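Everything numeric in this text was worked out from a predicted model, so none of it was measured. Just follow the structure's listing: the first ligand is 1, and inside any ligand the first atom is 1.
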Amino acid sequence: MIFDQAEGLRRRILKANTEEKNQLSDKKTKIITVTSGKGGVGKSNFTLNFALALLGYQHRVAILDADIGLANIDVLMGVSPKLNLQDMMADKLSIWDILEKGPKGLEFIAGGSNLEFLLDPHKNDLSYLFYQFQLLNGYVDTILIDTGAGLSKESLKFILSSDEIFLVTTPEPTSITDAYAIIKSVSNKSKDVKISLIINRVTTQEEGVSTFHRIKAVTKKFLNINIQLFGFIYDDHHVTMSVKKQEPFYISYPNGRAAKSIDTLAEKYLKEREIEIVQPKKETLGIRSFIEKMTYWIKQ
Ligand SMILES: Nc1ncnc2c1ncn2[C@@H]1O[C@H](COP(=O)(O)OP(=O)(O)OP(=O)(O)O)[C@@H](O)[C@H]1O
Ligand SMILES: [Mg+2]
């Protein structure tokens, strides 16, 4: 009898532990790649300050800095990462070893100066990379991947594997045509990618709306795909001042127009995310789907 009771208790504990584990692994981490056609349109500033805004709302977020040219995010916050993704691969470190901390405890992973291991499925141990990456599932709610401008082969793989793309442009005609070129290249590979536009450096709301409509009209007409507007960020001299100080503008100038825009975007994101979690459109969201897609695109 006593044995039976003890056994029952043991089983109940085991079941509770397993349920807790499943709940954790079912928790979906959304992956968003931030990209642009033209360089210098504000991707890294957006990524960093948007992440800080989300953190302020208790949303757990991490940044992967996949800009292999010049690591931007760390410079913008005046932090130099000790280890990066390349080190993790070379020295078989764990993802926790390379997860660095920035202001307000913001967690980020530096890509390092070379992500070529993403291009050759045979040369490197990608399963090691993916195993480490999936440990983040449920640990954070959102991963933002900041990429360099234009479509490098590495960026394209991130773009095609993410749950959503934030495509940053400014109202300048050259930035608009370059954004269109990105949409065209991506849609040539896959029509499944959700592309959301961020119009940065607008001076009025109307300028933002008309920029969005111009891009939407041509993509609908020539590519037959629907893109959506994520939002605008106002042109604000505080951004440049913060870049010089190596301090995110969301922290230095929280009442500036750019920080206020970022706040609006963070609130919008969180509202949409709540709806997505209650009514998932696809079964494929999350790190597992990201890894599956990445495995596929690396082989192409
Ligand atoms: N909303 C804004 N208002 C005013 N200036 C801005 C704004 N956003 C960006 N800038 C200016 O643009 C510069 C480039 O921004 P950022 O480094 O974020 O661009 P990027 O797209 O990441 O560039 P790259 O393509 O080189 O990675 C900033 O240093 C700043 O001077
Ligand atoms: Mg950048």
Has Lys184 got more than 12 heavy atoms of other residues, nucleotides or ligands less than 6.0 Å from its NZ?
no

As an exercise, identify every atom of ligand 1 less than 4.0 angstrom from a heavy atom of Asp67.
27 (O)

Under 3.5 Å, is there a donor-acceptor pair between the Thr142 and Tyr269 side chains?
yes

Check Asp235 against ligand 1 and report side chain, backbone, both or neither, counting heavy atoms closer than 4.0 Å.
both

Is the Mg ion (ligand 2) less than 2.8 Å from an N/O/S atom of Ser44, whether that atom is in the backbone or a side chain?
yes

May I ask you to list the atoms of ligand 1 that are less than 4.0 angstrom from any heavy atom of Asn45?
15 (O), 16 (P), 17 (O), 18 (O), 28 (C)

Between Val243 and ligand 1, does any nitrogen or oxygen pair lie at a separation below 3.5 Å?
no

With heavy atoms of Lys43 as the reference, note each atom of ligand 1 found under 4.0 Å away.
18 (O), 19 (O), 20 (P), 21 (O), 22 (O), 23 (O), 24 (P), 25 (O), 27 (O)

Is there at least one pair of N or O atoms, one from Gly39 and one from ligand 1, spaced under 3.5 Å apart?
no

Is the backbone of His59 close enough, under 3.5 Å, to the side chain of Asp141 for a donor and an acceptor to pair up by distance?
no

Any nitrogen or oxygen of Ser36 lying under 3.5 Å from a nitrogen or oxygen in ligand 1? Just yes or no.
no

Of the listed options Val202, Asn72, Thr47, closest to atom 27 (O) of ligand 1 (non-hydrogen atoms):
Asn72

Kindly give the heavy-atom pair with the smallest separation between Asn84 and Gly111, and that separation in Å.
CB-C, 4.0 Å

Is Glu276 salt-bridged to Arg273, cutoff N-O under 4.0 Å?
yes

Below 4.0 Å, non-hydrogen atoms only: which portion of Phe46 touches ligand 1? Side chain, backbone, both or neither.
neither

Indicate if the distance from the Mg ion (ligand 2) to the nearest N, O or S atom of Thr47 falls below 2.8 Å.
no

Please state whether the rings of Phe46 and Phe166 are parallel, tilted or perpendicular, taking 30° and 60° as the class boundaries.
perpendicular

Minimum non-hydrogen distance to atom 1 (N) of ligand 1, winning option of Asn200, Leu48, Asp236:
Asn200

Do Glu247 and Ser252 get their side chains close enough for a donor-acceptor pair, meaning under 3.5 Å?
yes

Counting both backbone and side chain atoms, is some N or O of Lys38 under 3.5 Å from an N or O of ligand 1?
no

Would a distance-only check, ignoring hydrogens and angles, find a side-chain to backbone donor-acceptor pair under 3.5 Å from Asp236 to Arg257?
yes

Taken to the nearest 0.5 Å, the spacing of Leu106 CG from Leu52 CG works out to 5.0 Å

Should one rank Ser261, Gly40, Ser175, Gly37 by closest heavy-atom distance to atom 24 (P) of ligand 1, which comes out on top?
Gly40

